[in-house]
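See below for the structure under consideration.
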Amino acid sequence: MKNRKIIRLGALIVASATLLLSGCGSQTDADSAASSGQAKQGGTLTILSSSTDMDMDPAKSQGLPTTSNGYIFRRLTTWEVDRKGQTKVVPDLATDTGTTTDGGKTWKYTLKKGLKYDDGTEITSQDIKYGLERSFADSLTGGLSYHKTLLEGAQDYHGPFDGKSLDSIETPDSRTIIFHLNSPFGDWPWVASMATFTPVPKDKGSAQGYGKKPVSSGPYKVETNESGKQLVLVRNKYWNRETDKVRTAGPDKIVWKLGQDASVSAQAVMQGTDEGKNAFLSSFVPPAQLAQAQANPEYSKLLVTSGDGALEYLAINTKRVTNLKVRQAIEYGVNKESYRTAKGGAIAGNYASTLITPGVEGRVQYNLYKAKATGDVAKAKKLLQESGQTVPALKLIATSDQAEVASAIQTSLKRIGIKVNIQTLDSEVFSDAETNDAGDYDLVIGAWQPDFPSPYANLSPLFDSSQIGHGNYNLSRYANDEVDGLIKKATETVEAKESGQIWAQADKRIMQDAVVVPLLYSHNTFIHGSNVDNFYVGSFPAYPNYVTVSLKSDN
């Protein structure tokens, strides 16, 4: 399936603080507030963003349930984030996370009673069906697409605007919805937490520009949405706290300031201006302001850092670098320390060895290519000799933002006798080059943040043979029938412990073929104002849980 949730190194992943900063600032009481719903009520929370536009159409969104979408949209399921443990999928609009009687091929949900939109009308199962069908419309692109390959008959469906419906989604009554899938799929409860499962009234969803002011099912509704200026959310009086155990809805008003310079915003937050003390940045802390905050005890209290997040890796094109021993030599030859140094040092993240990222249930820690962080030059040279090949110069494609890390890879492989030529491309050309059908490269640096905390979201988009080319992200161009079989088996296994064991087996089997070099699990650092409370980052995702944030006082 096509999945655009890839993070480009140097563009979106920036330097972050050390884990020693975790727990600073307002994280201390976050768990109790989130679980009890007793966050302080009142005040105006400001979110400072460099984005110039906020299109809130759920059919086009890749946003996490725990960030901006969580304020105005509810889905069948959602995420409960505990910074001390793993993220769980929990009921949201539905009474449970879904039931299946045929091993995961059919999933049934019943809506809670008393659910209403911001205009007081009832939320129905038909609205969820329609909202999901909208995501198939050719005019609404960009959203996550897992459901599009999973639902029966979805491959040839193009949305409801021509009067057609998707028969694999049944709504026998206003509170019941049933999904019929092509094959068993154990992670469907996670998929049902995606933005596309937001209910949309049929009489509203066909309007042009729906994303500017969509109908709200969450604790807030859109008051104004001005491109380049601000998005203002105010309370939805029809939201019922008794039906929502995840969102604490602390602030009376939430204001997104758009088109903001991140460095200027970080300074305002640190200095505690009237706006800054009640604000947080939606982006990572810029390197200069991060260094400034780390050097100042008062400012450092405002920093919150994630644990291990996205997997940063070097993909080896297996269609061009076909010799296993050559690929294994690259595994040992890469100097992960110099790569991390090029990204800012230890603040950038921890060294990686597995493909399933920390914080995802089912992950097993292992390292098939044990070496110091600087690599094992002797072992790499021995493997190259055993390969019986004279390795031609390898082509590493990169963007200008990746120049330093690409150079670090080039230098480290030169030590073992492999020449690397770096081709720098414009970002749009680069994005096409890495995902098109041609695959005209030998090496490429990637990073991947799964869309939900499941091994499926880690491994399937990157290593299933169906994800080669066509805009997909199997950058290693890797095709292995055994791995495809393990992915299929794990995907169709509903019992979590059993599926986790299969995913762990697939993880190790992929690494045996040396198709990528795991480099880092990146760390993300965020900053919030002194009056901002319950601002924390859980074990997954490596981003703040917006829906629990409140203010210490209402001024």
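Side chains included, hydrogens not; waters and symmetry mates left out as well; all remaining heavy atoms used. In this chain, numbering begins with 1 at the start of the sequence shown.
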Minimum heavy-atom separation for Thr87 and Pro541, please, with both atom names.
OG1-N, 4.3 Å

Lys/Arg-Asp/Glu bridge criterion (N-O < 4.0 Å) met for Arg75, Asp92
no

How about Leu462 and Asn474: do any of their side-chain heavy atoms sit closer than 4.5 Å?
no

Does Lys379 make a cation-pi contact with Tyr332 (under 6.0 Å, within 45 degrees of the axis)?
yes

Is the Tyr546-Phe280 ring centre distance short of 6.0 angstrom?
yes

Contact between Trp107 and Pro189 at the side-chain level, heavy atoms closer than 4.5 Å - yes or no?
yes

Expected output: side-chain Ser168 to main-chain Glu152 donor-acceptor under 3.5 Å
yes

For Arg320 versus Asp440, what's the shortest heavy-atom pair and its separation?
NH1-OD1, 3.0 Å

Lys372/Asp376 salt bridge by N-O under 4.0 Å criterion
no

Parallel, tilted or perpendicular for Trp188 and Phe179, by the 30°/60° rule?
tilted

What is the minimum heavy-atom distance between Leu311 and Thr354, and which atoms define it?
CD1-O, 3.8 Å

Under 30°, 30 to 60°, or over 60°: which ring-plane class applies to Tyr456 and Phe185, parallel, tilted or perpendicular?
perpendicular

From the options Asn524, Thr305, Leu290, Ile527, select the one residue that forms a side-chain contact (heavy atoms from CB on, under 4.5 Å) with Phe284.
Asn524

Heavy atoms, side chains only, cut-off 4.5 Å: are Pro58 and Met194 in contact?
no

Quick one: does Arg477's side chain have a donor or acceptor within less than 3.5 Å of a partner on Ile468's backbone?
no

Say whether, by atom type as modelled, one donor and one acceptor occur between the side chain of Asn323 and the main chain of Gln389 under 3.5 angstrom.
no

Nearest-0.5 Å distance that lies between atom CD1 in Ile316 and atom CG in Leu475
12.0 Å

Can any side-chain N or O of Arg415 pair as donor or acceptor with the backbone N or O of Gly333 at less than 3.5 Å?
yes

Tell me the closest heavy-atom pair linking Val515 and Ser476, and the distance in Å.
O-OG, 2.9 Å

Would you say that Tyr543 contacts Ser306 through its side chain, given a criterion of any heavy-atom pair below 4.5 Å between the two side chains?
no

Minimal non-hydrogen separation, Ala447 against Tyr313, with atom names
N-CE2, 3.7 Å

Does the pair Lys488/Glu492 count as a salt bridge with the N-to-O cut at 4.0 Å?
yes

Passing option when Leu383 is tested against Arg327, Gln328, Glu331 for side-chain contact (heavy atoms from CB on, under 4.5 Å)
Gln328

Side-chain heavy atoms of Leu48 within contact of Val269, under 4.5 Å
yes

Spell out, as yes or no, whether a donor-acceptor pair under 3.5 Å connects the side chain of Asp308 to the backbone of Pro358.
no

What do you reckon, is NZ of Lys395 surrounded by more than 12 foreign heavy atoms closer than 6.0 Å?
yes

Gln155 atom CD: more than 12 heavy-atom contacts under 6.0 Å:
yes

To the nearest 0.5 Å, what is the distance between CD1 on Ile347 and OG1 on Thr525?
8.0 Å

Is the backbone of Gly469 close enough, under 3.5 Å, to the side chain of Asn472 for a donor and an acceptor to pair up by distance?
yes

For Gln512, is the CD atom crowded, meaning more than 12 foreign heavy atoms sit under 6.0 Å from it?
yes

Kindly assign one of parallel, tilted or perpendicular to the pair Trp190 and Phe452, based on the angle between their ring planes and the thresholds 30° and 60°.
parallel

With a 6.0 Å cut-off (strictly less than), is the heavy-atom count around CD of Gln410, excluding the residue itself, greater than 12?
yes

d(Tyr146 OH, Ser454 OG) to nearest 0.5 Å is 8.5 Å

State plainly whether the residues Lys497 and Glu361 are in salt-bridge range, i.e. N to O under 4.0 Å.
no

Run the side chain to side chain donor-acceptor pair (under 3.5 Å) check on Asp513 and Asn480 step by step: do they pass?
CA-CA 9 Å; Asp513 281 339; Asn480 181 308; 3.0 Å; yes

Name the orientation class of the two ring planes belonging to His147 and Phe197 (parallel below 30°, tilted from 30 to 60°, perpendicular beyond 60°).
perpendicular

Donor-acceptor pair, side chain of Arg509 and main chain of Val483, under 3.5 angstrom:
no

First locate atom CG of Asn350, then atom NE2 of His523, and finally report the distance between them rounded to the nearest 0.5 Å.
4.0 Å

Are more than 12 heavy atoms, taken from residues, nucleotides or ligands other than Asp437, located less than 6.0 Å from that residue's CG atom?
yes

Does Lys148 NZ have over 12 foreign heavy atoms under 6.0 Å away?
yes

When rounded to the nearest 0.5 angstrom, what is the spacing between OH in Tyr478 and CD1 in Ile510?
6.0 Å

Can you tell me how far apart CD1 (Ile487) and OG (Ser460) are? Round to the nearest 0.5 Å.
5.5 Å

Taking Ser49 for the side chain and Ser51 for the main chain, is one N or O donor matched with an acceptor at less than 3.5 Å?
yes

With no hydrogens and no angle check, is any side-chain donor or acceptor of Asn367 less than 3.5 Å from a backbone partner on Tyr369?
yes

